[in-house]
Participant: 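Below is the structure I would like to discuss, written out as structure tokens.
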Amino acid sequence: MKKSATNWRVKRPPARVPAHWQAELQAVLITEAQIKRRVRELTAQIQRDFAGRDLVVISLLTGTVMFLADLIRHLSLPLRLDFIGVSSYRDSTEARELIFTKELRLDVHGRDVLLVDDILDTGKTLKQVLAKLRALKPRRIKICVLLEKKARREEKVRADYVGFQIPDLFVVGYGLDFAERYRNLPFVGVLRAEIYQSRAVGQLRNAD
Ligand code: IMP
Ligand code: MG
């Protein structure tokens with residue numbers, strides 16, 4: 001049976017947390033091998049959908065860094081690449097106010113846009129980014145996210161390509177951070193509650 005873009009769930013028992021990370025992480029949610037396999041599936045789908053189009057990939061800084069690199073290296077389509085910088089003021093793991101730290105440089109008028117983000121959580125980030133992009137009159141915008149937490153959605157935003165549906169857990173790794181750390185983990189892991197709770201007091205400025 002063919003898997004649709006949005007019903008891929010993590011089914012297998014989590015892999016062991018590497019010894020070096022055991023003090024900070026409670027589990028590996030998605031392994032490197034699972035990510036690799038799923039990214040290949042997504043690229044195959046994207047490749048079919050954008051064949052023959054004038055594609056501009058727009059990635060949101062900074063959490064997409066690993067996902068984007070893996071995604072585009074498997075796309076054998078002519079494409080342009082640009083970034084939009086977004087940053088949110090946060091209390092612990094809760095996003096507050098969104099600010100733009102880098103504007104788009106490329107012209108997207110009349111072009112096909114693939115907007116890439118790390119995780120679709122409440123949907124507030126993508127809602128604001130979409131409003132900005134639509135004003136530039138691209139031909140169409142498709143959204144690709146590595147992760148989606150459906151349970152937390154507040155805004156009506158739908159992703160066209162979703163790597164993994166995940167439960168309502170705060171995750172780090174493969175580009176995703178907590179207080180700018182853990183982006184370098186090659187897998188997606190679940191942070192121990194005591195790590196993010198200990199930082200709950202005081203505001204953190206967190207680049208997405
Ligand atoms: P949204 O605006 O609530 O959809 O949040 C999107 C942004 O919040 C993402 O681009 C992430 O940077 C961040 N975020 C949401 N959930 C997590 C998480 O579990 N771990 C790390 N960052 C997260
Ligand atoms: Mg972030």
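Indexing begins at 1, ligand by ligand and atom by atom, following the structure's order.
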Participant: Which of parallel (below 30°), tilted (30 to 60°) and perpendicular (above 60°) describes F178 and F170?
Facilitator: perpendicular

Participant: Heavy-atom contact under 4.0 Å between I166 and ligand 1?
Facilitator: no

Participant: Show me which atoms of ligand 1 lie under 4.0 Å from any heavy atom of L176.
Facilitator: 20 (N), 21 (C), 22 (N)

Participant: Do R183 and Y174 form a cation-pi contact, if we require the NZ or CZ to be under 6.0 Å from the six-membered ring centre and within 45 degrees of the ring's axis?
Facilitator: no

Participant: If we count only N and O atoms by modelled type, under 3.5 Å, do the side chains of Q47 and S76 hold a donor and an acceptor together?
Facilitator: yes

Participant: With a cut-off of 4.0 Å, which atoms of ligand 1 are near a heavy atom of T122?
Facilitator: 1 (P), 2 (O), 3 (O), 4 (O)

Participant: Short list, please: which atoms of ligand 1 are under 4.0 Å from a heavy atom of L169?
Facilitator: 19 (O)

Participant: Only heavy atoms of D117, strictly under 4.0 Å: list the atoms of ligand 1 that pass.
Facilitator: 10 (O)

Participant: Does CZ belonging to R139 count more than 12 external heavy atoms closer than 6.0 Å?
Facilitator: yes

Participant: Could you go step by step and tell me if L114 and F50 meet the side chain to side chain contact (heavy atoms under 4.5 Å, CB included) rule?
Facilitator: CA-CA 9 Å; L114 180 68; F50 288 91; 4.1 Å; yes

Participant: With a 4.0 Å cut-off on heavy atoms, does G123 reach ligand 1?
Facilitator: yes

Participant: Partners of R134 by side-chain contact (heavy atoms from CB on, under 4.5 Å), sequence neighbours excluded?
Facilitator: L130, I141

Participant: How does T125 reach ligand 1, if at all, at less than 4.0 Å between non-hydrogen atoms: by side chain, backbone, both, or neither?
Facilitator: both

Participant: For ligand 1, which part of L126 has a heavy atom less than 4.0 Å away: the side chain, the backbone, both, or neither?
Facilitator: neither

Participant: The criterion is salt bridge (Lys or Arg N to Asp or Glu O under 4.0 Å); which residues satisfy it with D70, sequence neighbours excluded?
Facilitator: R73

Participant: Looking at ligand 1, would V172 count as a contact under a 4.0 Å heavy-atom criterion?
Facilitator: no

Participant: Short N/O distance, under 3.5 Å, between L120 and ligand 1?
Facilitator: no

Participant: Please identify which atoms of ligand 1 are closer than 4.0 Å to at least one heavy atom of K149.
Facilitator: 16 (N), 17 (C), 18 (C), 19 (O)

Participant: Please check if atom NZ in K102 has more than 12 non-hydrogen atoms from other residues, nucleotides or ligands closer than 6.0 Å.
Facilitator: yes

Participant: Of D118, L29, D121, which has the heavy atom at the shortest distance from atom 15 (C) of ligand 1?
Facilitator: D121

